[in-house]
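Just below is one structure, and these are the notes that go with it.
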Amino acid sequence: MSKNSKVLNLKDKISGNEMDLSLCNLTEVPVRELALFTKATVLDLSCNNITSLPPEFCNLTHLVKVDLSKNQLTCLPDDLGNLSSLQHLDLYNNKLNVLPVSFSQLRSLKWLDLKDNPLEAGLAKAAGDCLDEKQCKQCATKVLQHMRDIQEEVDRTREKRLLREKELEKKKEAKQREREAREREARKREKAEEKEKRRKEYNAQMAAAAAREQQKKKSEEKKKKNGQAADKKVVVESTAKPRRSLIGLVFKLLLLLLLGLAGVAAACRLTDLQKEAVCVPVNVAVDDGLSWAKEQEGVVRQLVQNLSSAAKEFLESTQATKN
């Protein structure tokens, strides 16, 4: 059967504001076609083989009365509460255990029949017997209240769950912050340790450089001191050497003079020249000298001794200067 033929057939099922699809052996609800007839506010789907309603059925917000009795429904759509205009709902003789939580949102519902369904205990107690019009109206009121209670419980459970999730998220975030704080502290500590290590290495390098500089200064001072001592020694040696040379020259001149005098005296005393006029004063001087020498023997001895001491001290001082 094509879509157009279905539409034409649905038109044949309309009478005023009521669309009668009962006893049509339907297994599914033709939602798309029903959506085209918004003036049909009363829908009779009773006595079919419908096992479930599609989610799109909840978009038929123009429906005021729906009869789904004597089908095989095991559940209703979760968004059934979207049927805001629904006032009359017949679910007699189906296989329903529970109703969707959104059922509590059917604020316009005035009449409800849930007889001959395997309802869970709490829902069955709220539904009652529905044996007449009054009881069906009470069924609608009590079931709505029951479903509102369930809705509130669901909301509280959801809030508790959300609160737990929020608390868990906060704890997770707190742990994350703590972990990040520990990581930052660890990085900070590592940086501080690295900085302290570099500082110690720098100080060690500076200390080593200072030690090398100090050693260099000491070495230079030692070399300078040794150089000054060497220069002083050279000066002393150069000073002492001319002094020794001068004294030696004086001794040599004196010795030559004495030898000359001794030769002249010997020539004048021991040769035939002693009678010569030249030798007369020499012989006289020699005789006088010998006489004076005899007279001054003690003084000479003392003089010789003094000269010997002076010569000894001079030699010792010269040796000390060399060392």
Side-chain angles (χ1 to χ4, degrees), residues 18-29 31 34 40-165:
E18 181 179 352
M19 181 173 287
D20 186 2
L21 296 177
S22 62
L23 299 169
C24 291
N25 199 29
L26 295 174
T27 57
E28 296 180 355
V29 179
V31 176
L34 291 173
T41 59
V42 178
L43 176 62
D44 188 355
L45 291 167
S46 62
C47 302
N48 284 292
N49 294 312
I50 301 171
T51 58
S52 64
L53 299 177
E56 293 79 11
F57 184 83
C58 302
N59 296 328
L60 303 176
T61 56
H62 62 280
L63 295 176
V64 175
K65 181 179 179 179
V66 177
D67 188 351
L68 287 164
S69 62
K70 297 181 181 180
N71 276 283
Q72 303 296 319
L73 292 171
T74 58
C75 63
L76 297 175
D78 291 337
D79 295 329
L80 189 69
N82 291 343
L83 300 176
S84 57
S85 301
L86 189 61
Q87 299 178 13
H88 186 111
L89 179 59
D90 193 345
L91 295 170
Y92 165 72
N93 193 13
N94 277 279
K95 297 181 179 180
L96 297 171
N97 296 114
V98 295
L99 298 176
V101 177
S102 66
F103 196 94
S104 63
Q105 300 173 13
L106 297 175
R107 303 185 184 281
S108 300
L109 190 66
K110 306 297 181 184
W111 194 97
L112 177 64
D113 189 354
L114 288 170
K115 286 191 307 294
D116 293 338
N117 279 282
L119 302 174
E120 56 93 13
L123 181 58
K125 182 178 179 181
D129 296 330
C130 289
L131 298 176
D132 54 28
E133 187 76 11
K134 182 179 179 181
Q135 288 182 353
C136 287
K137 289 181 178 180
Q138 290 177 348
C139 175
T141 301
K142 291 181 178 180
V143 168
L144 284 175
Q145 184 59 47
H146 176 73
M147 296 309 297
R148 290 190 186 104
D149 293 340
I150 293 177
Q151 180 68 57
E152 290 177 358
E153 182 63 28
V154 170
D155 292 342
R156 285 194 296 268
T157 302
R158 184 172 63 252
E159 288 177 0
K160 289 180 180 179
R161 178 174 55 81
L162 293 174
L163 183 61
R164 286 196 301 270
E165 291 177 354

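Treat the numbers as computed from the prediction; the structure is a model and nothing was measured. We number each residue from 1, following the sequence as shown.
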Can you tell me how far the [atom1] atom of [X] sits from the [atom2] atom of [Y], to the nearest 0.5 Å?
{"X": "Ile150", "Y": "Thr157", "atom1": "CD1", "atom2": "OG1", "result": "11.0 Å"}
{"X": "Leu43", "Y": "Leu60", "atom1": "CG", "atom2": "CG", "result": "8.0 Å"}
{"X": "Leu163", "Y": "Glu165", "atom1": "CG", "atom2": "CD", "result": "10.0 Å"}
{"X": "Met147", "Y": "Ser104", "atom1": "CE", "atom2": "OG", "result": "6.5 Å"}
{"X": "Leu23", "Y": "Ser46", "atom1": "CG", "atom2": "OG", "result": "6.0 Å"}
{"X": "Ser69", "Y": "Asn93", "atom1": "OG", "atom2": "CG", "result": "8.0 Å"}

Side-chain heavy-atom pair [X], [Y] within 4.5 angstrom cut-off:
{"X": "Leu45", "Y": "Asp67", "answer": "no"}
{"X": "Thr141", "Y": "Trp111", "answer": "no"}
{"X": "Arg161", "Y": "Arg164", "answer": "yes"}
{"X": "Asp132", "Y": "Gln135", "answer": "yes"}
{"X": "Leu73", "Y": "Thr51", "answer": "no"}

Within the distance-only criterion (no hydrogens, no angle test), does the side chain of [X] pair as donor or acceptor with the backbone N or O of [Y] below 3.5 angstrom?
{"X": "Asp20", "Y": "Ser22", "answer": "yes"}
{"X": "Asp116", "Y": "Tyr92", "answer": "no"}
{"X": "Asn94", "Y": "Leu96", "answer": "no"}

In plain terms, say whether [X] and [Y] are close enough for a salt bridge, that is, a side-chain N and a carboxylate O under 4.0 Å apart.
{"X": "Glu159", "Y": "Arg156", "value": "no"}
{"X": "Arg148", "Y": "Glu152", "value": "no"}
{"X": "Lys115", "Y": "Asp113", "value": "yes"}

>> Please determine whether side chain to side chain contact (heavy atoms under 4.5 Å, CB included) holds for the pair Leu112 and Val143, giving the CA-CA distance in whole Å, both sets of side-chain angles, and the decisive distance to 0.1 Å.
In response: CA-CA 9 Å; Leu112 177 64; Val143 168; 3.7 Å; yes
> Do you know which of Val66, Leu68, Asn71 makes side-chain contact (heavy atoms from CB on, under 4.5 Å) with Leu53?
Replying inline: Leu68
Specify the closest pair of heavy atoms between [X] and [Y], including all atoms of both residues, with the distance to one decimal.
{"X": "Leu34", "Y": "Leu21", "result": "CD2-CD1, 4.1 Å"}
{"X": "Pro54", "Y": "Pro77", "result": "O-CG, 3.9 Å"}
{"X": "Asn48", "Y": "Cys24", "result": "OD1-N, 3.0 Å"}
{"X": "Ala40", "Y": "Met19", "result": "CB-CB, 4.2 Å"}
{"X": "Ser108", "Y": "Ser84", "result": "OG-O, 2.9 Å"}
{"X": "Leu123", "Y": "Leu99", "result": "CD2-CG, 3.8 Å"}

>> Any donor-acceptor pair under 3.5 Å linking the side-chain atoms of Lys65 with those of Gln87?
In response: no
>> Looking only at the side chains, is there a donor atom on one of Asn25 and Asn49 sitting less than 3.5 Å from an acceptor on the other?
In response: yes
> Are there more than 12 heavy atoms of other residues, nucleotides or ligands under 6.0 Å from atom CD of Glu28?
Replying inline: no
>> The test is side chain to side chain contact (heavy atoms under 4.5 Å, CB included); show your working for Phe103 and Asp78 and say whether it passes.
In response: CA-CA 8 Å; Phe103 196 94; Asp78 291 337; over 6 Å; no
> How far apart are the C-alpha atoms of Gln72 and Lys95, what are their side-chain angles, what is the distance that settles it, and do they pass the side chain to side chain contact (heavy atoms under 4.5 Å, CB included) test?
Replying inline: CA-CA 6 Å; Gln72 303 296 319; Lys95 297 181 179 180; 2.9 Å; yes
> Run the side chain to side chain contact (heavy atoms under 4.5 Å, CB included) check on Ile50 and Thr27 step by step: do they pass?
Replying inline: CA-CA 4 Å; Ile50 301 171; Thr27 57; 5.9 Å; no
